[in-house]
Amino acid sequence: MNFVDYLVLIGVMLGIAIYGMWRTRARSDLHTYLKGEGHTHWLTIGLSVMATQASAITFLSTPGQGYESGIGFVQNYFGAPIALIIIAAVFLPIYRRLKVYTAYEYLGKRFDSKTRLLGAGLFLIQRGLGAGITIYAPAIVLSTVMGWRLDLTIVSSGLLVVAYTVSGGSAAVNLTQKYQIGVIFIGMFAALVVLLVKLPAGLGFSDALAVAGGFHKLEAVDFSLDPNRRYTIWSGVLGGMFLALSYFGTDQSQVQRYLTGTSLRESRLGLMFNAVFKIPMQLFILLLGALVFVFYQFERPPVFFNQSAWSYAAAHGSGEKLHQLETDFNSAHAEKQFHVQAWLAARHAGDSAAAETERAAALTANVRTEAARVATKAVLRAADAKTITNDSDYVFITFILSYLPHGLIGLLVAVIFAATFSSKAGELNALGSTTVVDFYRHVIKTDATDRHYVVASKCFTALWGFIAIGFALFATLAENLIQATNIIGSIFYGVVLGLFLIAFFLKKIGGTAAFWAAVIAQTLVFIFYFSLTISYLWYNFIGCALCMTLSVIIQAFLPRITPSDAANHSS
């Protein structure tokens, strides 16, 4: 990065943050601080919901996922449109009718205080961990690739987002996210244009897709019934639906975004915006990663994309092995490049038999390049057991820094930080409001003024920000970043969703049965996760089903709930 890149980066980030702080300053009314002005347009809601979910992890890790495994990860989102329709039809009207600040207030109205606190507590644990990952994920990649100090990257980015989130509350989050997502879209489309321009002369878009398909990068749907496969259409539709129901319907970081709408219609339209565009957005990002893979069939990639880890191991006793493996990789890649070019030439000539022969030879050479990469990862792990050998998170940022023009590099790095800020702001805003509304105001200080609660909200938001920064400073992840985030969510979300579905649909279940069912179900999910090898998406369904089933069983041994409880449910 040069001066122009840093000028673009700092200008975009500080400009959006300062504008958000200025526009939403002096919020002293609790309702306005937590929900905004109450006249948010549906498009702002839709963009804010999308921006809260689309963290920097999405734009760093997802292209790497497409590069490494193809676009099959998109199946993870197949259940999202169904979930969003259900939320708009069932969840949203109840939240708006009861005029709740948090989703967990509804659990208190429907059940009792302990169930409300349990739901809020599970959210705080899960989202608190997620907030730390939201900061850590881009910081570890950017600091490694660019040579920045990791601790300074984490602290500086964390403090800036804490400042404007504390200053303006929900209104600041919604306002800034609208501009941040705009920067993200501009940057990603610019990256696609540059990528296509830099493909070899004469290689059209259809050729690029043919190469990606020939290397099995465009297999979007897997109909396998194997429960151990992470991404299939079945885990995506069923497990993904329950994940999306839990996330969009019960996670306060999302609920708080669409409760700011002027009306039920505006909030519903904001959710439908995401139902329509969520899958295309993820597919676009994955396809971008698959096209980066195509690009690297004509340009030699590094044998290991985290060059900092490679250089460290090479300088500390593993240099001879790594250089030999690099030589093997380069030789196999040159052979593959030759066969890919011959394959495309045969394709253009209409010789399908020759094209298939050359494609098979290219795939054989690709096996050799992958073998060299696997052996390299083993050497790196032997040199330093702490080395994360999954380098897919470094693929896209390496492409950006190596091949994009200056100025655009700064914009793409700004995209990563914009995504960090937008997602982190939504999380901190939700963590602060849940802590105040469901714990502080409900249990500790029940009779204070609005101004007192606004100050408390700001303090708790800042506290959660510092906790997230602290977690990020000591975090390490073995998983690909986008998968790590979804794994944490899947462990907790199913049980919380079960609580809400019991509240909505099982009118004869009381608070005690729901509470203990959730406690037992969450314990079992932990046990299953550490003892089974099934796709993590299934834990959304398992946790929800366990919670609902156990509540029915436990309620059978308890007194029937009173008519007033049923009235609370239908109110």
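Predicted model, so just to flag it, every value in this text is computed and none were measured. Below, all heavy atoms of this structure are taken into account, side chains as well, without hydrogens, waters or symmetry copies.
Between Y453 and Y440, the angle of the ring planes goes over 60°, which puts this pair in the perpendicular group of the 30/60° scheme. Classified by interplanar angle (parallel below 30°, tilted 30° to 60°, perpendicular above 60°), the ring pair F492/F526 is perpendicular. Classification of the Y77-F73 ring pair by plane angle, with boundaries at 30° and 60°, yields perpendicular. Ring planes of W538 and F541: perpendicular class, angle over 60° (limits at 30 and 60°).
A donor-acceptor contact closer than 3.5 angstrom links the side chains of H442 and S113. For the residue pair W464 and T435, a side-chain donor N or O sits within less than 3.5 Å of a side-chain acceptor on the partner. With hydrogens and angles left out, the side-chain atoms of N306 and S308 include no donor and acceptor closer than 3.5 Å.
When atom types are taken as modelled, the side chain of R441 and the backbone of V436 share no donor-acceptor pair closer than 3.5 angstrom. Counting only distance, with no hydrogens or angles, the side chain of N429 and the backbone of L431 share no donor-acceptor pair below 3.5 Å. With E266 contributing its side chain and S263 its backbone, the two residues share no donor-acceptor pair below 3.5 Å. Between the side chain of S267 and the main chain of Y258, a donor-acceptor pair closer than 3.5 Å is present. At distances below 3.5 Å, not a single donor-acceptor pair connects side-chain atoms of T62 with backbone N or O atoms of I285. Between the side chain of T549 and the main chain of A545, a donor-acceptor pair closer than 3.5 Å is present. The main-chain N or O of Y106 is never found under 3.5 Å from a side-chain atom of Y95 such that the two would form a donor-acceptor pair. Between the side chain of S551 and the backbone N or O of M548, at least one donor-acceptor pair lies under 3.5 Å. Panel note: side chain Q522, backbone I491; a donor-acceptor pair is recorded below 3.5 Å. Listed for the R268 side chain is no donor-acceptor partner under 3.5 Å among the backbone atoms of W42.
Closest of all the heavy-atom pairs between C547 and A521 is N-CB, 3.8 Å. For the residue pair N274 and G46, the shortest heavy atom distance occurs at ND2-O, 3.0 Å. Between Y6 and W148, the closest heavy-atom pair is OH-NE1, 3.0 Å. Listed here is the closest heavy atom pair of R116 and V437: NH2-O, 3.0 Å. Scanning all heavy atoms of the two residues, the minimum distance from T115 to A514 falls at CG2-CB, 4.5 Å. The shortest non-hydrogen separation linking G187 to L412 is O-CD2, 3.4 Å.
Counting heavy atoms from C-beta on, the side chains of R149 and T153 never come closer than 4.5 Å. In this structure, L159 and F466 have side chains that are in contact, with non-hydrogen atoms separated by less than 4.5 Å. In this structure the side chain of F78 never reaches within 4.5 angstrom of the side chain of M241, judged on heavy atoms. In this structure the side chain of Q555 never reaches within 4.5 angstrom of the side chain of W516, judged on heavy atoms. L124 places a side-chain heavy atom less than 4.5 Å from the side chain of F439. Looking only at side-chain heavy atoms (C-beta outward), L497 and Y493 stay at 4.5 Å or farther from each other. Between V552 and K508, the closest side-chain pair of non-hydrogen atoms is not below 4.5 Å. Within the 4.5 Å cutoff, the side chain of L501 has heavy atoms near those of the F91 side chain.
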(Q) As a quick check of understanding, evaluate side chain to side chain contact (heavy atoms under 4.5 Å, CB included) for I469 and I154, giving each step before the final call. (A) CA-CA 7 Å; I469 291 170; I154 288 172; 4.0 Å; yes
Q.
Checking S246 against D251 for the side chain to side chain contact (heavy atoms under 4.5 Å, CB included) test, could you report, in this order, the C-alpha distance in whole Å, the side-chain angles of both residues, the deciding distance, and whether it holds?
A. CA-CA 7 Å; S246 306; D251 188 306; over 6 Å; no
Q. So Q254 and Y247, side-chain hydrogen bond (donor to acceptor under 3.5 Å, both in side chains) or not? Walk me through it.
A. CA-CA 7 Å; Q254 286 292 349; Y247 179 61; 3.0 Å; yes
Q.
Test side chain to side chain contact (heavy atoms under 4.5 Å, CB included) on L107 and L117; report intermediate values, then the result.
A. CA-CA 9 Å; L107 294 180; L117 295 177; over 6 Å; no
Q | Test log, rule side chain to side chain contact (heavy atoms under 4.5 Å, CB included), inputs E105 and T102 | A | CA-CA 6 Å; E105 282 186 276; T102 74; 3.6 Å; yes
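Note that OG1 of T434 is 12.0 Å distant from CZ of F460, once rounded to the nearest 0.5 Å. One distance of note links CG of L499 with CG of L118; it measures 6.0 Å at 0.5 Å rounding. Rounding to the nearest 0.5 Å gives a distance of 12.0 Å between CD1 of I87 and CD1 of I82. In this structure, CG on L286 lies 6.5 Å from CD on Q282, to the nearest 0.5 angstrom. Rounded to the nearest 0.5 angstrom, L546 CG and T523 OG1 are separated by 10.5 Å. Rounded to the nearest 0.5 angstrom, I509 CD1 and L550 CG are separated by 11.0 Å.
In this structure, Y104 has its ring center closer than 6.0 angstrom to the ring center of F123. You'll find the ring centres of F284 and F189 inside the 6.0 Å limit.
Between F273 and the options L47, V49, L84, I45, a side chain to side chain contact (heavy atoms under 4.5 Å, CB included) holds for only L47.
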